[in-house]
Amino acid sequence: MSQALDMLSVLLLFFGVLFILVGSIGLLRMPDVFTRMHAAGITDTIGAAAIILGLMLVAGWTIVLIKLLIVLLFLMLLNPTACHALARAAVHGIRSPWQGESEQQQ
Amino acid sequence: MKDIPVLRVVTKITIPIILLFAMYVQFHGDYGPGGGFQAGVIFAAAFILYGLVFGTSAVRQVVSPGILRLLTALGLLLFAGVGILTMLLGGDYLDYNTLGQDPLHGQHLGIFLVELGVGITVAAVMIIFFLAFAGRRD
Amino acid sequence: MLRLLILFSLTIVLWIALSGHFDPFLLSLGLLSAATVTLVSHRMGIIDAEGQPLGLIPGLLRYAPWLAKEMVRACIDVAWRITRPSLPIQPTIIRVPANQQTVPGRVSFANSITLTPGTISLDVLEKEIEVHALTTESAADLKSGEMGKRVEHLESG
Amino acid sequence: MLTLVTIALLAAMGMALIRAIKGPTVYDRILASNTFSTKTVLMISVLGFLTGESEVYLDIALMYALVGFIVTVAVLKVSEFGDLGQSRPDSGENRQ
């Protein structure tokens, strides 16, 4: 049983790392701030959640588990809020989101 | 920024949790990281978030600058008072061992009171800093 | 008054969850802390229907698994697009109807949209939410309105 | 495994830093600093498990998550309104 949990934990950590790295690459590759936000969203939601869940599985039934859960809930509450506030500000500040190569030429 | 509904609602939900976390850091110096200074800063952080979203005038309505100055002095007084008390009880300045029947008990009580004083002063001073810097227009 | 009591008991629960120590001294400090937190929050005026969306909580437990599934699905799609050399994205800005009754309901909807990779809520209006979608597929997905319906169910409990 | 996660997180933080330096707009930088702070929270949690003192480390991670959010809101407010104290925008002149 505990071996299965360990396996699952390693799997979750692996996917978490994968998504975080892909998100970071997206952060560098994407053409404008909004599309970069989507890339950063991968890191901040799925990547973070997978890593915290992976840690939760190895923590066992201790207070560490509760604290990890609180950290997870906080990240899931605060990250989209910060992202939304940033996107809202960027819409007013930039006004012209990137809409594909052809429009960017203008 | 209170006209952004998402930010307003999440701030309202988050502030009590930040405040409680500050109190937790304040009183668990024996077991975890922290103590008075860190707790004071986190406590003030809740007020800073409140001030960012609802404006500094709202912060001034929650705690008036007079109360803040009073709290600053009160925390310092608590710190110094413990020191003077240990001297009156026959020890050195901040010699906690004299506070209880046995040294361990005295240490606990002394550190608790001093950290509380530090926490109150730091929180009040941080809020004063925020109000001073945020209110300035130039 | 009821809301103050609820906040007080919730803060005590959170205190115990954080602390994990049960000696009487720390528990009484917990009571003191909860009282301080409740007092300060009351003075800030943040204990209202917006700061305490209690009606949403039971529904959230049923909603969370579905949201998690959607997040993983959307995430794999966006991750796949990022790793393509040609970067196949077509960003669009759309408006989706938000028929939620309460402000916390609309906020949950907006945050669900932002949590799902591929869509970001830009602005929360009275009856609509402005959304930036990374691809036309994610935009169409959101337009189908399933997420909005589920958040509406959240409100009715 | 946890060491590998730490290294990967460091690499991701490096990429976020590159984005923060390159910009080009102020919003890119805020976005980079926000995702950097999320990664820091994860890193602190993982480090807690590596050192075997996760209770202590998780308190710090929780605090970092809270402070990271406040920092993002504060920087956003300064870049939008040019001042920390206002409750509503007076003009849009301070944007870059």
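A note on names: the letters A, B, ... follow the listed sequences, proteins ahead of strands, and every chain is numbered from 1.
- Residue contact with chain A, scored on non-hydrogen atoms closer than 4.5 Å, involves the backbone of C:Ala133 exclusively.
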* Are C:Ile76 and A:Phe19 close enough, and set up right, to give a side-chain contact (heavy atoms from CB on, under 4.5 Å), and what steps lead you there? -> CA-CA 9 Å; C:Ile76 290 170; A:Phe19 279 130; 3.9 Å; yes
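- Within the 4.5 Å cutoff, no side-chain heavy atoms of C:Cys75 are placed close to those of A:Thr45.
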* Please test A:Arg88 against C:Glu130 for side-chain contact (heavy atoms from CB on, under 4.5 Å), starting from the C-alpha separation and ending with a verdict. => CA-CA 10 Å; A:Arg88 197 190 134 113; C:Glu130 203 175 30; over 6 Å; no
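- Interatomic distance, NE2 of C:His132 versus CE of A:Met37, reported as 8.5 Å (0.5 Å rounding).
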* To do: List the steps and the verdict of side-chain contact (heavy atoms from CB on, under 4.5 Å) for C:Asn111 and A:Thr81.
  => CA-CA 7 Å; C:Asn111 266 1; A:Thr81 310; 3.5 Å; yes
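- Contact of the A:Pro80 side chain with the C:Ile113 side chain is not registered, since no non-hydrogen atoms from C-beta on lie closer than 4.5 Å.
- For the atom pair OG1 (A:Thr35) and CG (C:Leu87), the distance works out to 8.0 Å, reported to the nearest 0.5 Å.
- With contacts defined as side-chain heavy-atom distances shorter than 4.5 Å, the pair A:Ile46/C:Val72 qualifies.
- Closest of all the heavy-atom pairs between A:Met76 and C:Leu115 is SD-CD2, 3.8 Å.
- From A:Ile66, atom CD1 reaches atom CG of C:Leu18 across 9.0 Å, with rounding to the nearest 0.5 Å.
- Within the 3.5 Å criterion, the main-chain N or O of C:Pro85 finds a donor-acceptor partner in the side chain of A:Arg29.
- Your options are C:Ile120, C:Val107, C:Thr114, and the one with the most heavy-atom pairs under 4.5 Å with chain A is C:Ile120.
- At a 4.5 Å heavy-atom cutoff, the contact between C:Leu14 and chain A is made by side-chain atoms alone.
- Under the 3.5 Å distance criterion, with hydrogens and angles disregarded, a donor-acceptor pair is assigned to the side chains of C:Ser121 and A:His84.
- With a threshold of 4.5 angstrom between heavy atoms, C:Thr119 approaches chain A through N, CA, C or O but not through any side-chain atom.
- In this structure, the portion of A:Ile70 lying under 4.5 Å from any heavy atom of chain C is its side chain and not its backbone.
- Atom CZ of A:Phe14 has 12 or fewer neighbouring heavy atoms from other residues, nucleotides or ligands inside a 6.0 Å radius.
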* **Verdict with reasoning, C:Leu134 to A:Met30, per side-chain contact (heavy atoms from CB on, under 4.5 Å)** => CA-CA 11 Å; C:Leu134 187 63; A:Met30 289 294 194; 4.2 Å; yes
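- Atom CZ of A:Phe74 sits in a crowded spot, with more than 12 heavy atoms from other residues, nucleotides or ligands closer than 6.0 Å.
- Contacts of C:Ser19 with chain A are made by backbone atoms alone, with heavy-atom separations under 4.5 Å and no side-chain atom involved.
- Pairing each heavy atom of C:Pro117 with each of A:Ile42, the nearest pair is CB-CG1, 4.1 Å.
- Counting heavy atoms from C-beta outward, A:Phe34 and C:Leu122 have side chains that approach closer than 4.5 Å.
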